[in-house]
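Everything on this sheet refers to the single structure shown next.
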Amino acid sequence: DLGFSPLAQIRKDNVRSLRVAWSLALPPGPNEATPLVHDGIIFVHSYGDHLQALDAATGDELWHYSRSLPPGGVAVVQRNIALYGNKVYFATSDGHEVALDMKSGKVQWDQPLGDSKNTRITGGPLVAQGRVMQGTQGREPGGQQIVGLDSETGKVRWRFNTIAQPGTPLGNSW
């Protein structure tokens, strides 16, 4: 069953007594990212390249990362983030992948995935077995890519072109 939770603390007979414990106003814009909760901390990625860590019980801000875009840079909608080990991973409006320390919010690494004027990223990363995988979009020569990064260092380990390139199997069919 989608959306089913086995938790039994909220029932028909006590649901009317629920009250708001705290709330958070997000920056204006299309906020579409899904917050993640881990060890009592809510991580929220919001429009304009903001990432916040909040105490889930009180709503108190633990840290706040705000990215400065290059001149002429435009914020794009971001849809999700990833947690792996002790880091929070997310894409930026200027085509970078960033890893922050989960507890302090300090930048651990910042890796450009393409040209900041031509590369856009709206989907979030997927992390497995020490690899951060991020898809790109935009007007990069050769089309879109899926990039694999080392989760500890941010070093690019591989790139996969989503459109076959000249000189590769079926690459000349384009």
Side-chain angles (χ1 to χ4, degrees), residues 1-70 73-113 116 119-137 146-154:
D1 223 66
L2 294 177
F4 173 77
S5 172
L7 299 177
Q9 295 144 325
I10 300 171
R11 303 175 308 277
K12 287 181 183 180
D13 64 322
N14 70 4
V15 70
R16 72 176 63 90
S17 64
L18 292 177
R19 301 290 180 264
V20 174
W22 58 268
S23 65
L24 172 70
L26 296 176
N31 289 292
E32 297 182 14
T34 303
L36 289 180
V37 180
H38 178 71
D39 282 344
I41 300 172
I42 298 177
F43 299 92
V44 180
H45 192 196
S46 54
Y47 189 70
D49 292 272
H50 294 272
L51 190 85
Q52 294 168 273
L54 309 166
D55 181 294
T58 65
D60 293 340
E61 184 176 275
L62 303 174
W63 53 260
H64 185 151
Y65 171 88
S66 179
R67 186 171 188 82
S68 296
L69 295 176
V74 177
V76 298
V77 175
Q78 304 295 332
R79 293 195 173 85
N80 62 321
I81 59 178
L83 304 175
Y84 184 80
N86 63 347
K87 294 179 184 62
V88 181
Y89 302 91
F90 64 100
T92 67
S93 295
D94 58 344
H96 288 230
E97 191 72 26
V98 175
L100 302 179
D101 179 87
M102 190 182 291
K103 298 290 182 191
S104 70
K106 291 184 179 168
V107 175
Q108 301 300 292
W109 52 259
D110 179 336
Q111 178 66 48
L113 300 183
S116 65
T119 301
R120 295 287 179 259
I121 303 169
T122 60
L126 174 67
V127 187
Q129 297 181 353
R131 292 293 177 259
V132 179
M133 295 161 277
Q134 180 67 65
T136 67
Q137 66 180 34
I146 301 171
V147 182
L149 306 153
D150 183 280
S151 65
E152 286 298 313
T153 66

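These numbers come from a predicted model, not from an experiment.
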With a 4.5 Å heavy-atom cut-off, do [X] and [Y] have their side chains touching?
X    : Y    : result
K103 : I41  : yes
V132 : E97  : yes
D39  : M102 : no

Value rounded to 0.5 Å, distance of [atom1] in [X] from [atom2] in [Y]:
X    : Y   : atom1 : atom2 : value
L62  : L54 : CG    : CG    : 6.5 Å
H45  : Q52 : NE2   : CD    : 10.5 Å
T122 : N80 : OG1   : CG    : 9.5 Å
L69  : H96 : CG    : NE2   : 9.5 Å
D110 : D94 : CG    : CG    : 7.5 Å
R11  : D13 : CZ    : CG    : 4.5 Å

**Request:** Check step by step if side-chain contact (heavy atoms from CB on, under 4.5 Å) holds for R131 and D150.
**Result:** CA-CA 5 Å; R131 292 293 177 259; D150 183 280; 3.4 Å; yes
**Asked** So, do Y65 and F90 have ring centers that fall under 6.0 Å from each other?
**Response**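 Yes, the ring centres sit under 6.0 Å apart.
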Are the side chain of [X] and the backbone N or O of [Y] linked by a donor-acceptor pair below 3.5 Å?
X   : Y    : answer
N31 : Y47  : yes
W63 : L51  : no
E61 : G59  : no
Q78 : I121 : yes
D60 : D55  : no
D49 : S93  : yes

For a quick test of reading the model, state the closest non-hydrogen atom pair linking [X] to [Y] and the distance between them.
X    : Y    : result
G123 : A91  : O-CB, 4.2 Å
V77  : P30  : CG2-CG, 3.3 Å
Q134 : G124 : OE1-C, 3.5 Å
S46  : P27  : OG-CD, 3.3 Å

**Prompt:** Under the side-chain contact (heavy atoms from CB on, under 4.5 Å) criterion, do T153 and Q111 qualify, and how do the steps go?
**Reply:** CA-CA 9 Å; T153 66; Q111 178 66 48; over 6 Å; no
**Message:** Using a 6.0 Å cut-off, check whether atom CD1 of I10 has over 12 heavy atoms from anything other than its own residue.
**Reply:**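 Not more than 12 within 6.0 Å, no.
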**Message:** Tell me whether the rings of Y89 and Y84 are parallel (<30°), tilted (30 to 60°) or perpendicular (>60°).
**Reply:**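 Rings of Y89 and Y84: tilted, as their planes differ by 30° to 60°.
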**Request:** Begin from the C-alpha positions of L149 and W109 and carry the test side-chain contact (heavy atoms from CB on, under 4.5 Å) through to its verdict.
**Result:** CA-CA 11 Å; L149 306 153; W109 52 259; 4.0 Å; yes
**Request:** Output, in order, the C-alpha distance, side-chain angles, deciding distance and verdict of salt bridge (charged side-chain N to carboxylate O under 4.0 Å, His left out) for K87 and D101.
**Result:** CA-CA 5 Å; K87 294 179 184 62; D101 179 87; over 6 Å; no
